[in-house]
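Atom set for the values below is all heavy atoms of this structure, side chains included, hydrogens, waters and symmetry mates excluded. As the structure is a prediction and not an experimental result, all values here were calculated from the model.
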Amino acid sequence: MFMSCTTAAHLGPIIYLEHGTAFYYGNAGTGLSPQEDLLDDQWMHDMLVNGMSAGEAFSNYVWLHQRDYTTGDPTAMYGGSSLQVTNQQLMFGDPTMTCYSPEWTEPTPITP
């Protein structure tokens, strides 16, 4: 798995996937904003520590960060341009991918 700030707007994902990366997440603009850093920390924690799939974890937090609370509609979201933040997240790979699951255990070695 690989994550990048602006490399996803260029050939980065293709190069990494060609060299064996199973999943690539990055931004097509910049991730160097407090909002982006917090979003990335939260969804990656749920994926890598709590065992959620990449797509499920990301969708939970992108909704919290970009929801338009002014409409009263729980499904309304701001676009990146309306907030004047370049935050176009891109995922290359299977969004149902699970990188870690808390119920996984280390196999018991076979002894002769």
Side-chain angles (χ1 to χ4, degrees):
M1 181 171 160
F2 182 82
M3 187 277 183
S4 171
C5 179
T6 59
T7 310
H10 307 288
L11 294 175
I14 293 168
I15 293 168
Y16 278 89
L17 291 167
E18 285 179 347
H19 287 83
T21 296
F23 187 87
Y24 185 102
Y25 166 78
N27 295 288
T30 182
L32 297 176
S33 69
Q35 174 195 7
E36 273 308 303
D37 288 342
L38 183 59
L39 171 65
D40 291 345
D41 289 349
Q42 289 175 320
W43 84 263
M44 287 188 179
H45 181 270
D46 273 359
M47 178 184 64
L48 297 170
V49 175
N50 297 330
M52 296 176 84
S53 71
E56 180 183 15
F58 180 77
S59 66
N60 285 341
Y61 289 102
V62 77
W63 178 81
L64 288 173
H65 283 263
Q66 295 188 6
R67 180 175 167 202
D68 182 352
Y69 290 90
T70 64
T71 66
D73 177 359
T75 62
M77 293 177 61
Y78 288 112
S81 60
S82 65
L83 294 176
Q84 299 302 312
V85 176
T86 306
N87 56 356
Q88 300 137 10
Q89 298 91 1
L90 303 169
M91 289 187 179
F92 296 85
D94 184 356
T96 64
M97 179 182 211
T98 302
C99 295
Y100 167 75
S101 187
E103 68 270 3
W104 291 347
T105 58
E106 186 175 342
T108 305
I110 298 174
T111 55

Looking at every heavy atom in both P102 and G51, which two are closest together, and how far apart are they? CD-CA, 3.7 Å
Is there a donor-acceptor contact under 3.5 Å from the side chain of H45 to the main chain of D41? no
If you round to the nearest 0.5 Å, how far is [atom2] of [Y] from [atom1] of [X]?
X: M47; Y: M97; atom1: CE; atom2: CE; value: 8.5 Å
X: N50; Y: E56; atom1: CG; atom2: CD; value: 10.5 Å
X: L17; Y: Y24; atom1: CG; atom2: OH; value: 9.0 Å

According to the interplanar angle, ranging from 0 to 90°, do the rings of F58 and W43 count as parallel (below 30°), tilted (30 to 60°) or perpendicular (above 60°)? perpendicular
Hey, quick one: are L64 and M44 part of the same hydrophobic cluster, counting side-chain heavy atoms closer than 4.5 Å, chains of contacts allowed? yes
In one Ile/Leu/Val/Met/Phe/Trp/Tyr side-chain cluster, 4.5 Å: M52, M91: no
Scan side-chain atoms only and decide if Y25 and D40 contain a donor-acceptor pair under the 3.5 Å cut-off. yes
Under 4.5 Å between any side-chain heavy atoms of Y61 and L38, yes or no? no
Is there a side-chain contact between L39 and Q89 (heavy atoms, below 4.5 Å)? yes
Which pairs, with at least one residue in residues 95-106 and sequence neighbours excluded, count as a side-chain hydrogen bond (donor to acceptor under 3.5 Å, both in side chains)? D94-T96, S101-E103
